Protein chains: 2
Amino acid sequence: MQQKKDAPLRSDAQRNRERILEVALAELTRSSDTPLSAIAKKAGVGQGTFYRNFPNREALVLEVYRYEVQQLADTAAQLLETRTPDRALRDWMDRLAQYAMAKAGLAEALRASTVTRGTLTKLGHGAVSAAVSLLLDANERAGTIRPGVTPDDFVLAIAGLWQMDAHGDWQPRAARLLDLVMDGLRVGAPGPRPPASGPASIDAD
Amino acid sequence: MQQKKDAPLRSDAQRNRERILEVALAELTRSSDTPLSAIAKKAGVGQGTFYRNFPNREALVLEVYRYEVQQLADTAAQLLETRTPDRALRDWMDRLAQYAMAKAGLAEALRASTVTRGTLTKLGHGAVSAAVSLLLDANERAGTIRPGVTPDDFVLAIAGLWQMDAHGDWQPRAARLLDLVMDGLRVGAPGPRPPASGPASIDAD
DNA sequence: ACCTGAACACCGTTCAAGT
DNA sequence: ACCTGAACACCGTTCAAGT
């Protein structure tokens with residue numbers, strides 16, 4: 001019996017929660033294994049308060065990550081308005097790579113705290129998944145990628161991004177990976193904007 | 001001053017080390033976060049002995065993993081003898097997927113203990129890298145994949161395998177990922193066994 | 001040279017007492 | 001209803017004492 005149904009938090013509780021998230025973002029970005037006690041102290045709350053908000057490390061990290069990733073997801077729609085679908089997709093992937101590197105500490109924290117497998121995928125069911133859907137659908141309609149690619153496929157294909165070292169020269173490595181993925185997505189594409197029927201069918205009408 | 005240069009271990013020390021690795025494989029495969037103290041106890045050694053052999057959790061996990069992965073790497077050469085290069089590559093990838101799922105607990109342990117990023121990649125510089133090189137080279141020579149793909153590219157491209165949930169129905173997900181990667185690798189391939197010069201050059205001689 | 005196991009440090013989690 | 005901070009449990013790491 002922690003909390004009613006979706007009753008709004010008391011204002012001080014609300015403030016505490018925000019402070020914790022704020023500090024967690026800064027701290028976890030820097031180093032992925034900052035003790036939760038340190039975060040609580042820096043946020044100016046007791047251990048108990050911390051635990052009232054986040055039952056464990058994973059819950060905190062997921063929440064921080066979710067918020068951060070949301071912003072990136074939002075850019076997908078914008079890119080689609082100013083570019084061709086395939087350039088929008090590729091540009092978004094580039095941003096994703098930049099993001100993954102900038103938030104390397106956070107990504108590490110996520111990997112480290114995610115004991116259960118597939119949690120990363122579960123996170124994908126949120127904002128990222130929606131953004132990816134948008135991009136994939138637009139490309140499928142334009143005939144620039146093969147039909148039937150799911151957001152899940154996409155997320156798995158670019159998983160390598162989360163495995164690169166942010167300190168080294170990740171840029172060329174990321175570019176090569178994303179090029180390969182884009183090529184893989186294009187194979188079997190019906191071709192740029194095909195009207196209705198299949199391309200070069202055996203019997204013409 | 002732990003140990004001379006590469007002086008052979010005393011026989012009892014050797015036995016202890018093997019016992020630890022044996023227990024660690026069994027225990028970590030089951031659940032990724034078995035306490036090191038539990039492993040030490042089950043192996044019948046004191047905490048100190050454990051630490052003499054493995055300075056931290058990561059060292060242990062890497063060692064266990066390295067050995068396990070070695071066996072898989074060894075199959076690459078065999079596959080190349082009994083199949084066409086591209087089928088050998090694809091079959092090896094399928095085995096890799098099976099392996100990744102069978103050793104899911106171990107893979108989790110690896111992810112969890114790998115604080116430093118790129119450690120996974122570093123592991124790739126060993127046996128896996130050699131196996132992948134073998135497969136890629138054979139395919140490049142046969143013209144079934146584009147030239148210039150490095151083992152690093154490959155490892156990044158299939159990183160999604162380590163992110164799948166072993167309990168769910170990973171089989172179709174893995175197949176889709178590997179298909180996409182294969183397609184990506186094929187794009188720009190010179191074509192099956194081209195003799196010497198580029199295909200369809202502008203000016204014929 | 002190697003081993004043991006108690007001792008220490010640290011961090012996550014809980015809970016009695018307070019407002 | 002929410003907060004605090006001391007107390008507890010657990011695990012990684014070290015080290016004095018042994019063979």
Side-chain angles (χ1 to χ4, degrees), chain A residues 1-24 27-28 30-64 105 108-110 112-116, chain B residues 1-24 27-28 30-64 108-116:
Chain A
M1 36 219 74
Q2 307 238 58
Q3 177 79 7
K4 274 287 182 55
K5 247 247 164 158
D6 273 306
L9 291 171
R10 228 168 59 179
S11 64
D12 55 341
Q14 171 97 25
R15 215 168 17 244
N16 278 336
R17 186 184 173 83
E18 279 164 10
R19 290 257 293 285
I20 292 171
L21 282 172
E22 211 173 307
V23 172
E27 218 63 26
L28 290 177
R30 170 152 10 137
S31 98
S32 60
D33 51 1
T34 314
L36 298 184
S37 52
I39 294 176
K41 179 179 277 182
K42 244 189 180 166
V45 304
Q47 304 266 76
T49 301
F50 180 90
Y51 262 79
R52 168 178 282 265
N53 283 282
F54 306 99
N56 51 48
R57 174 174 271 259
E58 185 174 344
L60 173 68
V61 176
L62 273 178
E63 184 80 10
V64 174
E108 259 178 60
L110 187 65
S113 70
T114 295
V115 193
T116 323
Chain B
M1 42 211 71
Q2 305 239 62
Q3 177 80 8
K4 275 286 182 57
K5 247 248 163 156
D6 272 307
L9 291 171
R10 227 168 59 180
S11 65
D12 55 339
Q14 169 95 23
R15 217 172 10 249
N16 277 335
R17 185 183 173 83
E18 278 165 12
R19 289 257 294 284
I20 293 172
L21 282 172
E22 211 173 308
V23 172
E27 218 62 27
L28 290 178
R30 167 152 13 137
S31 100
S32 60
D33 51 0
T34 313
L36 299 184
S37 52
I39 294 176
K41 180 180 275 181
K42 243 187 179 166
V45 302
Q47 303 267 76
T49 300
F50 180 90
Y51 263 78
R52 165 179 284 265
N53 283 282
F54 306 100
N56 51 47
R57 175 174 270 262
E58 185 175 341
L60 173 68
V61 176
L62 274 177
E63 184 80 9
V64 174
E108 258 179 61
L110 188 65
R111 282 213 332 252
S113 69
T114 297
V115 193
T116 322

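Reminder, nothing fancy here: chain letters follow the sequence lines and each chain counts from 1. Just so it is clear, the model here is predicted, and its values are computed rather than measured.
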Self-check item: A:Arg19 CZ - D:dC2 P separation (whole Å)
Solution: 17 Å

Quiz item: Does B:Asn56 put a side-chain nitrogen or oxygen below 4.0 Å from OP1 or OP2 of D:dG12?
Solution: no

Practice problem: Could you check which of D:dT4, C:dC2, C:dG12 has an atom nearest any side-chain atom of B:Asp12? | Solution: C:dC2

Quiz item: Just how far, in rounded Å, is P of C:dG5 from CG of B:Leu36?
Solution: 17 Å

Quiz item: Would A:Glu27 and A:Val64 count as a side chain to side chain contact (heavy atoms under 4.5 Å, CB included) if you check the C-alpha gap in whole Å, the side-chain angles of each, and the deciding distance to 0.1 Å?
Solution: CA-CA 11 Å; A:Glu27 218 63 26; A:Val64 174; over 6 Å; no

Self-check item: Closest-nucleotide 5' rank along DNA chain D - winner of B:Arg57 and B:Gly48
Solution: B:Arg57

Practice problem: Look through every strand shown and name the nucleotide pairing with D:dC15 as Watson-Crick or G-U wobble, where both distances are under 3.5 Å. | Solution: C:dG5

Practice problem: Among the candidates D:dC2, D:dA6, D:dG12, find the nucleotide nearest to the side-chain atoms of A:Arg52. | Solution: D:dC2

Quiz prompt | Minimum heavy-atom distance B:Ser32-B:Ala109, with the two atoms named | solution = CB-N, 3.4 Å

Quiz item: Between A:Arg15 (CZ) and D:dC3 (C1'), how many Å, whole number?
Solution: 13 Å

Quiz item: Considering Watson-Crick and G-U wobble pairs with both distances under 3.5 Å, what does C:dC10 pair with?
Solution: none

Quiz prompt | Rounded distance (Å) that lies between atom P of C:dC3 and atom CD of B:Gln14 | solution = 11 Å

Exercise. Take the protein atom CD of A:Gln47 and the nucleotide atom C1' of C:dA16, then report the distance between them rounded to whole Å.
Key: 16 Å

Practice problem: Return no unless some side-chain N or O of B:Asn16 is found under 4.0 Å from OP1 or OP2 of C:dC3. | Solution: yes

Practice problem: Can you figure out which of D:dG12, D:dT4, D:dC3 approaches the side chain of B:Pro35 most closely? | Solution: D:dG12

Quiz item: OP1 or OP2 of C:dT4 less than 4.0 angstrom from a side-chain nitrogen or oxygen of B:Thr49, does that happen here?
Solution: yes

Practice problem: Let me know the distance between CZ of B:Arg17 and P of C:dC3, rounded to the nearest Å. | Solution: 11 Å

Practice problem: Return the value, rounded to whole Å, for the distance between atom CG of B:Leu60 and atom P of D:dC11. | Solution: 16 Å

Practice problem: Compare every heavy atom of A:Ile39 with every heavy atom of A:Leu60, then report the nearest pair and how far apart it is. | Solution: CD2-CD1, 4.1 Å

Quiz item: For the residue pair A:Gly46 and A:Ala40, what are the closest heavy atoms and their distance?
Solution: O-CB, 4.4 Å

Quiz prompt | d(NZ, A:Lys41; P, C:dC10) in whole Å | solution = 12 Å

Quiz item: Between D:dC2, D:dT14, C:dG12, which one does the side chain of A:Ala13 approach most closely?
Solution: D:dC2

Quiz item: A:Leu21 and A:Asn53: side chain to side chain contact (heavy atoms under 4.5 Å, CB included), yes or no, with the steps?
Solution: CA-CA 10 Å; A:Leu21 282 172; A:Asn53 283 282; over 6 Å; no

